[in-house]
Undergrad: 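Following this message is one structure expressed as structure tokens.
In the text below, chain A, chain B and the rest are named by the order of the sequence lines, each starting its count at 1. The structure displayed is predicted, hence computed values, not measured ones.
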Amino acid sequence: MSAELAKAYDPAAVQAEVAKVWEDEKCFHAEPTDPGEPYSIVIPPPNVTAALHLGHALNNTLQDILVRRARMQGKNAVWLPGTDHAGIATQTVVEKRVLKEEGKRRTDFPRDEFVKKIQAWKDEYEQVILGQLKAMGCSCDWDRCAFTMDEARAKAVREAFFQLFKAGLIYRGKRLVNWDPATLTALADDEVENREVDGFFYYLKYPLADGSGTITVATTRPETMLGDTAVAINPKDPRAAALKGKFVKLPIVGRVIPIIEDDYVVLPVSLGGDPADTKAQMATGFLKVTPAHDPNDYDIGQRHNLPIVNVMAPDASISDKHGWTDGIGDAGFLLGKSREEARKLVVKWFKDNGLLEDQKPYRHSVGHSYRSHVPVEPYLSDQWYCRVTDDRLRGAALRAMDKTQITGGTGFQPMAESEHGLKTHATDGGLKFYPDRYAKTYQTWHENIRDWCISRQLWWGHQIPTWSFDAGTEQDVREALVYIQRLESEDRAAHGNFGEAQTLHVCLRYEDDAQAANYLESRGFRRDPDVLDTWFSSGLWPLSTLGWPESPAHRLADSPLSIWNPTSVLCTAREIITLWVSRMVMFNEFFLRKIPFKDVFVHAMIQDGEGRKMSKSLGNGVDPLDIIASHGTDAMRFTLASMATNTQDVRMPVEKDPATGKNTSPKFDLGRNFANKLWNAARFALMQIESAGDKSVAKAAPTTLDLWILSRFSRTVAECDDAMANYRFDQYARACYDFFWRDFCDWYIEAAKVQFKDPAQKASTAHVIATVLDASLRLMHPMIPFVTEKLWWRLNEVYPNRGIEGWINAPVNARRPGTEGVSERVICAAWPTPGKTDETAEAILGHLQELITGIRVARNDYKVQPRQSVTVTIVAPACGAEQIEKHREIVESLATCRIAAIAIDTLASPPANAAKITAGPCEVYIEGLVDEAAEKQRIARRREELTKSIAAMKGRLSNAGYIAKAPANLVKQTQDQLAAAEAELSSLSAGGGE
RNA sequence: GGGCGAUUAACUCAGCGGCUAGAGUAUCUCCUUUACACGGAGAGAGUCGGGGGUUCGAAUCCCUCAUCGCCCACCA
């Protein structure tokens with residue numbers, strides 16, 4: 001039995017105690033065979049690169065609220081935790097660390113040795129991250145913890161790759177990629193960061209091949225001219241006709257290249273180009289086309305069937321060994337030079353030869369590697385691609401959308417069953433975004449999607465399970481093919497021929513198929529050293545965490561996959577709608593013909609007080625563990641939940657904590673204060689309940705006050721349900737806050753103090769207070785689990801076996817059936833359901849509150865000391881008078897007054913020396929308030945208010961359109977209010993305010 | 001360049017066609033009343049970014065401008 005509760009809420013002590021019980025009782029573990037409607041969430045796996053930040057705290061708090069509530073609603077709820085290996089990012093941080101600590105580079109180690117180092121880093125941070133999640137109170141099913149590169153996930157990746165490969169959805173392609181010449185790897189688009197750079201526009205003169213003059217191209221990258229294979233001009237350019245069919249002799253190299261027409265070329269301003277367009281201002285109208293070194297030029301090259309001449313080595317030095325086969329002319333002096341040196345030398349050459357027309361400073365943004373920070377080189381290389389533009393992927397992703405959220409039709413109709421021998425799942429659609437505006441982001445992305453480059457030149461990741469024919473005899477190939485066909489007949493492998501040389505690539509299905517791998521390698525095949533893009537494994541997350549691929553024996557059983565996929569909701573930040581959400585949908589659709597989740601909830605992003613992203617480099621980040629230490633976990637969670645509005649960003653002013661020197665925010669005080677208020681209100685309630693003695697004695701009928709708080713509670717539960725149905729965590733938090741602090745603490749508890757004094761009402765009041773406390777704790781538990789859990793235990797000690805049904809219409813259900821076993825001790829019992837509301841009680845309390853507040857305001861106006869009582873005479877309408885009489889003691893207690901008399905409708909002789917105020921439907925004379933100055937001020941102020949609103953209402957009523965078109969009840973309401981205001985105004989004048 | 005969001009009290013945000021526009025923090029006054037000073041009772045504080053329009057009625061819907069921010073694309 002725990003001792004008395006401490007006077008102030010001590011989060012650290014409570015968290016430790018509560019967390020232990022949760023863990024011991026395995027409260028968060030679920031089995032597919034458990035009863036209840038399935039409810040599942042997969043965590044967006046945090047990268048193992050670093051500890052979690054406040055964005056994670058928000059993201060995971062919201063998920064935890066969802067899953068805890070679902071659990072309390074009796075659903076078979078599971079939250080699958082895990083982490084992501086985050087290929088490039090993790091390898092980079094480890095490379096940095098190794099360089100700093102050992103002075104060595106990655107290439108100084110054998111591959112497997114370096115991977116071990118990364119593995120060690122991963123182990124370290126995974127522990128940190130999981131510890132943080134637990135500290136945040138996340139109710140994950142820890143037994144199902146996953147990692148995107150563990151054995152089970154590796155199996156899923158291998159199977160997925162094989163199936164996609166076999167279906168022809170994976171191919172080897174030569175494309176321009178974002179190449180990092182420092183680390184020698186391709187980068188994904190999102191791994192490229194743009195930076196403004198000061199550069200120059202160089203104007204280079206190219207002589208026409210027929211000697212009839214020169215044309216001038218403008219470029220920021222003169223060194224790439226070595227790879228030019230055309231010069232383009234806009235067909236609308238007046239000069240185009242004369243140049244049709246002509247050629248240019250490329251300086252230095254001597255290559256003769258055509259002048260082609262392409263409307264991609266921007267017209268210079270002098271020829272009708274847009275004067276506002278910087279490009280048009282700088283352009284000459286002639287564009288050098290270098291398909292091997294510029295993505296747009298590559299596209300032009302494709303359109304015009306131009307040769308591709310790659311003039312660089314992988315380290316971006318000038319080289320004639322990587323595709324520059326048509327003669328280098330006089331370019332020998334450039335070979336082996338870096339991009340930067342080559343640029344200078346090329347410019348110098350043009351200058352020396354009188355072909356540099358001009359050079360203008362130009363500031364533009366250039367893509368830099370997010371890893372090495374050197375400029376990214378568009379570079380032609382062989383990569384693996386996933387054909388996401390195929391209807392089975394892109395089309396399926398678009399068809400997955402909820403019909404109500406599609407704008408203008410997607411153009412992707414359900415595919416015919418015969419087309420691929422597959423059909424889409426029976427209920428096309430159903431994937432719904434909250435807020436719905438994000439559906440558009442998703443749709444547009446898919447409509448403009450390009451094939452996905454899935455290979456990365458890294459060591460940290462899932463190595464691509466393909467072997468390509470590298471060096472061997474024709475005989476080897478022939479024999480291998482026979483062998484491969486046998487493997488294919490056993491469904492152990494698939495093959496494809498890719499590239500100009502139609503190189504044979506074989507994909508092996510099983511990791512442990514050493515026999516096949518050995519055979520291939522003995523015949524001159526080599527395993528691809530590259531690894532898969534991180535998003536390939538995270539795209540499989542809803543599948544792989546739930547046991548896909550399942551062995552055939554499991555498929556019919558109640559497997560995790562069949563019960564929990566599709567998951568209920570994906571809760572994420574908006575920047576990965578494209579990168580992650582899209583891929584999960586495509587994969588889930590492809591492998592299971594199902595959407596991976598029904599709802600996608602995209603929450604706001606937390607910025608600092610200046611609207612900047614929180615980041616390490618800016619030093620404006622807030623560490624969740626610091627807030628947990630300074631304010632408590634519940635405080636952090638409550639504050640975060642209340643910030644989770646419908647908008648896309650929320651701001652959190654960041655300050656230094658003077659005590660610790662760490663970043664914090666005053667916003668967290670909101671949560672801390674609330675948790676403390678809850679703690680103390682419960683402490684008081686528990687004291688009263690204890691001292692009320694025997695709970696089994698017959699209870700008095702509920703008072704109006706009791707009915708009122710129960711009614712208010714019912715409304716609050718309904719509000720919370722409504723908020724949660726729309727993922728409006730802020731509304732949920734606010735509803736709880738307002739109910740608990742304003743209604744329950746400020747009014748109910750204060751008024752109940754009067755009821756507790758009456759022996760006849762003591763037991764029943766204790767019962768109501770216990771009922772409401774119990775239900776409130778459960779209502780708020782998903783959001784602030786620790787403090788509510790602890791208080792709930794204490795309540796059960798003080799008031800065990802409290803029957804909540806029975807003599808009052810309790811708005812709660814006591815405990816969910818079937819949970820008497822394992823979770824008996826913990827609050828997971830039951831989410832409250834809304835009960836009856838009581839309009840009468842709410843109306844009566846409304847009037848009493850007006851009366852009490854009116855008297856309080858007057859006391860303040862007249863500067864009456866808080867403890868000094870005043871004597872009042874109240875004039876009220878008949879029904880009101882009755883209620884005031886009934887609640888006389890409550891009014892006296894809360895307004896610190898003594899009621900001398902309650903008159904009905906009028907008062908023959910008002911008390912002398914009394915100030916008269918209006919409080920709702922009542923008039924109140926307060927004796928002994930003789931501060932004339934204060935009174936005059938008060939009356940003047942009130943008169944002004946009334947005059948203003950009377951004028952507004954009269955104006956409205958004199959508007960013919962208003963009378964004619966506005967709803968009748970509104971018109972009536974305005975008329976009534978006007979009459980009341982006018983009556984009060986005249987009574988103010990009559991009452992001798994002057 | 002395209003898309004999205006924000007602009008409401010000093011600060012952070014609700015409200016998104018109809019009560020005198022609300023809350024928390026901060027400020028001011030009073031109060032250490034045995035649940036809570038991480039508290040209580042009050043007060044002051046806003047031409048709802050500017051300008052048009054629709055409507056009987058606009059913070060709320062439409063157009064437009066401005067500022068800030070995010071995402072995507074592009075960067076000869």
Undergrad: When you measure from the side-chain N and O atoms of A:Arg574 to the phosphate of B:C71, is any distance below 4.0 Å, counting only OP1 and OP2?
TA: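 No, outside the criterion.
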
Undergrad: Aromatic contact between A:Tyr727 and A:Tyr434, with the criterion being ring centroids under 6.0 Å apart: yes or no?
TA: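 Yes, they do, as the ring centres are separated by less than 6.0 Å.
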
Undergrad: If I take atom CD in residue A:Glu655 and atom C1' in nucleotide B:U12, what distance separates them, rounded to the nearest angstrom?
TA: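 The answer, rounded to whole Å, is 12 Å.
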
Undergrad: Tell me: CE of A:Met643 to P of B:U12, nearest whole Å?
TA: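 Taking CE of A:Met643 and P of B:U12, I get 11 Å after rounding.
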
Undergrad: Is A:Val265 touching bases, backbone alone, or none of the nucleic acid, heavy atoms closer than 4.0 Å?
TA: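 Answer is base: heavy atoms of A:Val265 come under 4.0 Å of a base.
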
Undergrad: For B:G49 and B:U29, measure between their C1' atoms and round to the nearest Å.
TA: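 Approximately 34 Å lies between the C1' atom of B:G49 and that of B:U29.
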
Undergrad: Looking only at the side chain of A:Arg867 (C-beta and beyond, no hydrogens), which of the listed nucleotides B:U33, B:C70, B:A41 gets closest?
TA: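 Nearest to the side-chain atoms of A:Arg867, counting from C-beta on, is B:U33.
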
Undergrad: In whole Å, what is the span from the CG atom of A:Asp738 to the C1' atom of B:G24?
TA: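 It works out to 10 Å between those atoms.
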
Undergrad: What nucleic acid atoms does A:Arg956 come within less than 4.0 Å of, heavy atoms only: base, sugar-phosphate, or nothing?
TA: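 Here A:Arg956 touches the backbone only, sparing every base.
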
Undergrad: Determine the interatomic distance between P on B:A58 and the same-named atom on B:G50; round to the nearest Å.
TA: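 One P to the other, the span is 15 Å.
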
Undergrad: For a quick check of understanding: with a heavy-atom distance under 4.0 Å over all strands, which category does A:Ser642 fall into, base, sugar-phosphate or nothing?
TA: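 Here A:Ser642 touches no strand at all.
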
Undergrad: Under 4.0 Å between any heavy atoms, over every strand shown, what does A:Tyr737 touch: base, sugar-phosphate, or nothing? Just pick one.
TA: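 Result for A:Tyr737 = sugar-phosphate.
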
Undergrad: A:Trp741 has a side chain; which of B:C38, B:G40, B:C31 sits nearest to it?
TA: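 Shortest atom-to-atom distance from the side chain points to B:G40.
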
Undergrad: For the side chain of A:Arg742, starting at C-beta, report the closest nucleotide among B:G42, B:A35, B:G40.
TA: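 The nucleotide sitting nearest to the side chain is B:G40.
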
Undergrad: Using atom C1' in both nucleotides, what's the gap between B:G46 and B:C61 to the nearest angstrom?
TA: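 B:G46 and B:C61 have their C1' atoms separated by 23 Å.
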
Undergrad: Considering every strand and a 4.0 Å limit on heavy-atom distances, what is the contact class for A:Lys948: base, sugar-phosphate, or nothing?
TA: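 Contact class for A:Lys948: none.
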
Undergrad: Partner lookup for B:G69, please. Criteria are Watson-Crick or G-U wobble with both distances under 3.5 angstrom; report none if nothing qualifies.
TA: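 By the stated definition (distances under 3.5 Å), B:C4 pairs with B:G69.
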
Undergrad: In whole angstroms, how far is the P atom of B:C70 from the CG atom of A:Asn646?
TA: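 For the pair A:Asn646 CG and B:C70 P, the rounded distance is 20 Å.
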
Undergrad: What's the closest nucleotide to the A:Asn676 side chain, out of B:C38, B:A41, B:C70?
TA: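 The listed nucleotide nearest to A:Asn676's side chain is B:C38.
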
Undergrad: Select base, sugar-phosphate, or nothing to describe what A:Leu970 touches, counting heavy atoms under 4.0 Å on all strands.
TA: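 Base, at least one base atom sits under 4.0 Å.
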
Undergrad: Using atom NZ of A:Lys863 as one end and atom P of B:U29 as the other, report the distance to the nearest whole Å.
TA: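 Interatomic distance, NZ of A:Lys863 to P of B:U29: 11 Å.
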
Undergrad: What's the gap between B:A59 and B:G40 when it is taken at their P atoms, as a whole Å value?
TA: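 33 Å, rounded to whole Å.
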
Undergrad: Separation of A:Phe729 atom CZ from B:A14 atom P, in whole Å?
TA: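 Atom CZ in A:Phe729 sits about 15 Å away from atom P in B:A14.
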
Undergrad: Please name all residues satisfying side chain to side chain donor-acceptor pair (under 3.5 Å) with A:Tyr202, sequence neighbours left out, ordered by chain then number.
TA: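 Listed in chain order: nothing, the list is empty.
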
Undergrad: Is the shortest side-chain N/O distance from A:Arg728 to OP1 or OP2 of B:C16 below 4.0 Å?
TA: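 Result: no.
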
Undergrad: Using the C1' atom on both, measure B:C48 against B:U8 and round to a whole Å.
TA: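 Nearest-Å result for B:C48 against B:U8 at atom C1': 4 Å.
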
Undergrad: What contact category does A:Tyr202 fall into here, base, sugar-phosphate, or nothing, at under 4.0 angstrom with non-hydrogen atoms?
TA: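 Result for A:Tyr202 = nothing.
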
Undergrad: Remember a base hit wins even if backbone is also touched, and classify A:Asp669 as base, sugar-phosphate or nothing at under 4.0 Å, heavy atoms.
TA: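 Since no nucleic acid heavy atom lies under 4.0 Å of A:Asp669, the category is nothing.
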
Undergrad: Figure out the CZ/C1' separation between A:Phe668 and B:U25, and round it to whole Å.
TA: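 Nearest whole value for this atom pair: 14 Å.
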
Undergrad: Does A:Glu750 get its side chain close enough to the base of B:A35, under 3.5 Å, for a donor-acceptor pair?
TA: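 Looking at the base of B:A35, it does pair with a donor or acceptor on the side chain of A:Glu750 (distance under 3.5 Å).
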
Undergrad: Between B:A35, B:U33, B:C30, which one does the side chain of A:Pro866 approach most closely?
TA: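 Given the options B:A35, B:U33, B:C30, the side chain of A:Pro866 is closest to B:C30.
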
Undergrad: Nearest of B:U12, B:A14, B:A35 to any side-chain atom of A:Thr647?
TA: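 Ranking B:U12, B:A14, B:A35 by closest atom to the A:Thr647 side chain puts B:A14 first.
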
Undergrad: At 4.0 Å (heavy atoms only), tell me whether A:Arg672 reaches a base, stays on the sugar-phosphate, or touches nothing.
TA: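 Here A:Arg672 touches the bases of the nucleic acid.
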
Undergrad: Please report the distance separating the C1' of B:A66 from the corresponding atom of B:A43, rounded so that it comes out in whole Å.
TA: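 The same atom, C1', in both gives a distance of 36 Å.
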
Undergrad: Let's see if you can work this out: which of B:A35, B:A14, B:G18 has an atom nearest to the side-chain heavy atoms of A:Thr645?
TA: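 Shortest atom-to-atom distance from the side chain points to B:A14.
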
Undergrad: For B:G18, give its Watson-Crick or G-U wobble partner with both distances under 3.5 Å, or none.
TA: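 Per the H-bond distance test, B:C56.
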
Undergrad: Please evaluate the base of B:C19 for a donor-acceptor partner in the side chain of A:Gln973 within a cut-off of under 3.5 Å?
TA: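 Absent.
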
Undergrad: State whether the distance check finds a donor on one side and an acceptor on the other, under 3.5 Å, for side chain A:Lys677 versus base B:C36.
TA: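 Counting by modelled atom types and ignoring angles, a donor-acceptor contact under 3.5 Å is found here.
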
Undergrad: Mapping A:Phe674 and A:Ala960 to their closest nucleotides on RNA chain B, which lands nearer the 5' end?
TA: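 Final value for this comparison: A:Phe674.
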
Undergrad: When all nucleic acid strands are considered with a 4.0 Å heavy-atom cut-off, which category describes A:Ala218: base, sugar-phosphate, or nothing?
TA: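 The answer is sugar-phosphate, as A:Ala218 gets under 4.0 Å only of primed atoms, P, OP1 or OP2.
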
Undergrad: If you assign each of A:Phe200 and A:Ile852 to its closest nucleotide in RNA chain B, which residue comes earlier from the 5' end?
TA: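 Going by which nucleotide is closer to the 5' end, it is A:Ile852.
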
Undergrad: Check every atom of B:G18, B:C4, B:C31 against the side chain of A:Gln865 and return the nucleotide holding the closest atom.
TA: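 Nearest to the side-chain atoms of A:Gln865, counting from C-beta on, is B:C31.
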
Undergrad: So A:Tyr748 and A:Phe744, would you call those rings parallel, tilted or perpendicular, with 30° and 60° as cut-offs?
TA: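 Correct class here is parallel.
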
Undergrad: Side chain of A:Val857, heavy atoms from C-beta onward: which of B:G42, B:C70, B:G5 has the nearest atom to it?
TA: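 That would be B:G42.
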
Undergrad: If you look at every strand shown and take non-hydrogen atoms under 4.0 Å, does A:Pro967 touch a base, only sugar-phosphate, or nothing?
TA: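 Base contact.
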
Undergrad: How many whole angstroms separate atom CD of A:Glu447 from atom C1' of B:G3?
TA: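 Computing the A:Glu447:CD to B:G3:C1' distance gives 13 Å.
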
Undergrad: When you get a sec, tell me which of B:U29, B:G18, B:A35 is the closest nucleotide to the side chain of A:Asn860?
TA: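 Looking only at side-chain atoms, A:Asn860 lies closest to B:U29.
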
Undergrad: Applying a 4.0 Å non-hydrogen cut-off, can you work out what A:Lys7 is touching in the nucleic acid: base, sugar-phosphate, or nothing?
TA: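 If one applies the 4.0 Å heavy-atom cut-off, A:Lys7 turns out to touch the sugar-phosphate alone, with no base involved.
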
Undergrad: Taking any heavy-atom pair under 4.0 Å as a contact, classify A:Lys753: base, sugar-phosphate, or nothing.
TA: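 Base, at least one base heavy atom under 4.0 Å.
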
